[in-house]
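Remarks on the structure that follows.
Please read all numbers here as calculations on a predicted model, not as lab measurements. Numbers here are sequence positions counted from 1. As a basis for the values below, the full set of heavy atoms in this structure was taken, side chains included, without hydrogen atoms, waters or symmetry mates.
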Amino acid sequence: MEQGWEALAQLAAFIAGVGDAKLRCSDTTSSGLCRDGNTVKSGLRALSPWAITRKADDTVLWMGVPGGIVTEVRFSAAPPLRVDIKRKVPAPF
């Protein structure tokens, strides 16, 4: 549970512009999320995380509405700090 709080704190700090993380963003929808850093941050501010997990040393948050367009936010654990954002439509079941 503590890791979840840490992930939410990382997300809040990134959205607030704290730190010097390198941003990579890809968007397969027509939302324009990846237009620039400010657009990314305001887009993330409007979403709620619905899942948090770890993959290798990275922390991954899934944001939006389950079953809808997914915005994945991945924070690297190792320096240099990276934030990778991917927005995509999930595969149909």
Side-chain angles (χ1 to χ4, degrees):
M1 185 163 171
E2 187 174 312
Q3 291 175 349
W5 290 116
E6 289 173 10
L8 293 174
Q10 267 187 309
L11 177 65
F14 172 73
I15 290 172
V18 176
D20 58 349
K22 299 268 187 191
L23 172 65
R24 290 191 306 193
C25 187
S26 67
D27 182 357
T28 60
T29 73
S30 59
S31 73
L33 176 72
C34 297
R35 189 172 316 132
D36 59 45
N38 290 330
T39 305
V40 168
K41 291 172 185 174
S42 66
L44 293 179
R45 204 174 291 118
L47 300 173
S48 297
W50 54 270
I52 301 172
T53 190
R54 300 206 37 106
K55 288 190 178 179
D57 289 331
D58 296 347
T59 301
V60 183
L61 296 93
W62 285 282
M63 301 179 68
V65 178
I69 292 174
V70 175
T71 304
E72 178 184 291
V73 181
R74 180 183 297 254
F75 291 97
S76 66
L81 183 61
R82 288 182 334 276
V83 180
D84 294 317
I85 298 171
K86 294 180 185 173
R87 177 171 276 180
K88 58 190 172 193
V89 176
F93 295 99

Do L47 and L11 share a hydrophobic cluster, counting only Ile, Leu, Val, Met, Phe, Trp and Tyr and linking them when any side-chain heavy atoms are less than 4.5 Å apart? yes
Which distance, rounded to the nearest 0.5 Å, do you find between the CZ of R87 and the OG of S30? 10.0 Å
Which pair of non-hydrogen atoms, one from D36 and one from N38, has the smallest distance, and what is that distance? OD1-N, 3.0 Å
Quick check on the hydrophobic clustering: are L23 and L81 connected, directly or via other members, by side-chain heavy-atom contacts under 4.5 Å? no
In chain order, what residues pass the side-chain contact (heavy atoms from CB on, under 4.5 Å) check against V65, with sequence neighbours excluded? none
Could you list the donor-acceptor pairs under 3.5 angstrom formed by side chains in residues 48-57, with sequence neighbours left out?
{"unit_1": "R54", "atom_1": "NH1", "unit_2": "T59", "atom_2": "OG1", "d": "2.9"}
{"unit_1": "R54", "atom_1": "NH2", "unit_2": "D57", "atom_2": "O", "d": "3.4"}

Point-to-point distance, once rounded to the nearest 0.5 Å, from CG of D84 to OG of S26: 8.5 Å
Closest non-hydrogen atom pair, P90 against G67: CG-O, 4.0 Å
Student check: side-chain heavy atoms of T28 and V89 closer than 4.5 Å: no
Rounded distance (nearest 0.5 Å) linking atom OG1 of T71 with atom NZ of K86: 12.5 Å
Is there a side-chain contact between F14 and V40 (heavy atoms, below 4.5 Å)? yes
Going by the rule side-chain contact (heavy atoms from CB on, under 4.5 Å), which residues pair with C34 if we only count those two or more places apart in sequence or in a different chain? C25, D27
Please tell me if the side chains of L44 and I85 come closer than 4.5 Å, counting only heavy atoms from C-beta onward. yes
Establish whether M63 and I15 are linked, either directly or via other cluster members, by ILVMFWY side-chain heavy-atom contacts under 4.5 Å. yes
Are the side chains of Q10 and E6 in touch, meaning some heavy atoms are under 4.5 Å apart? no
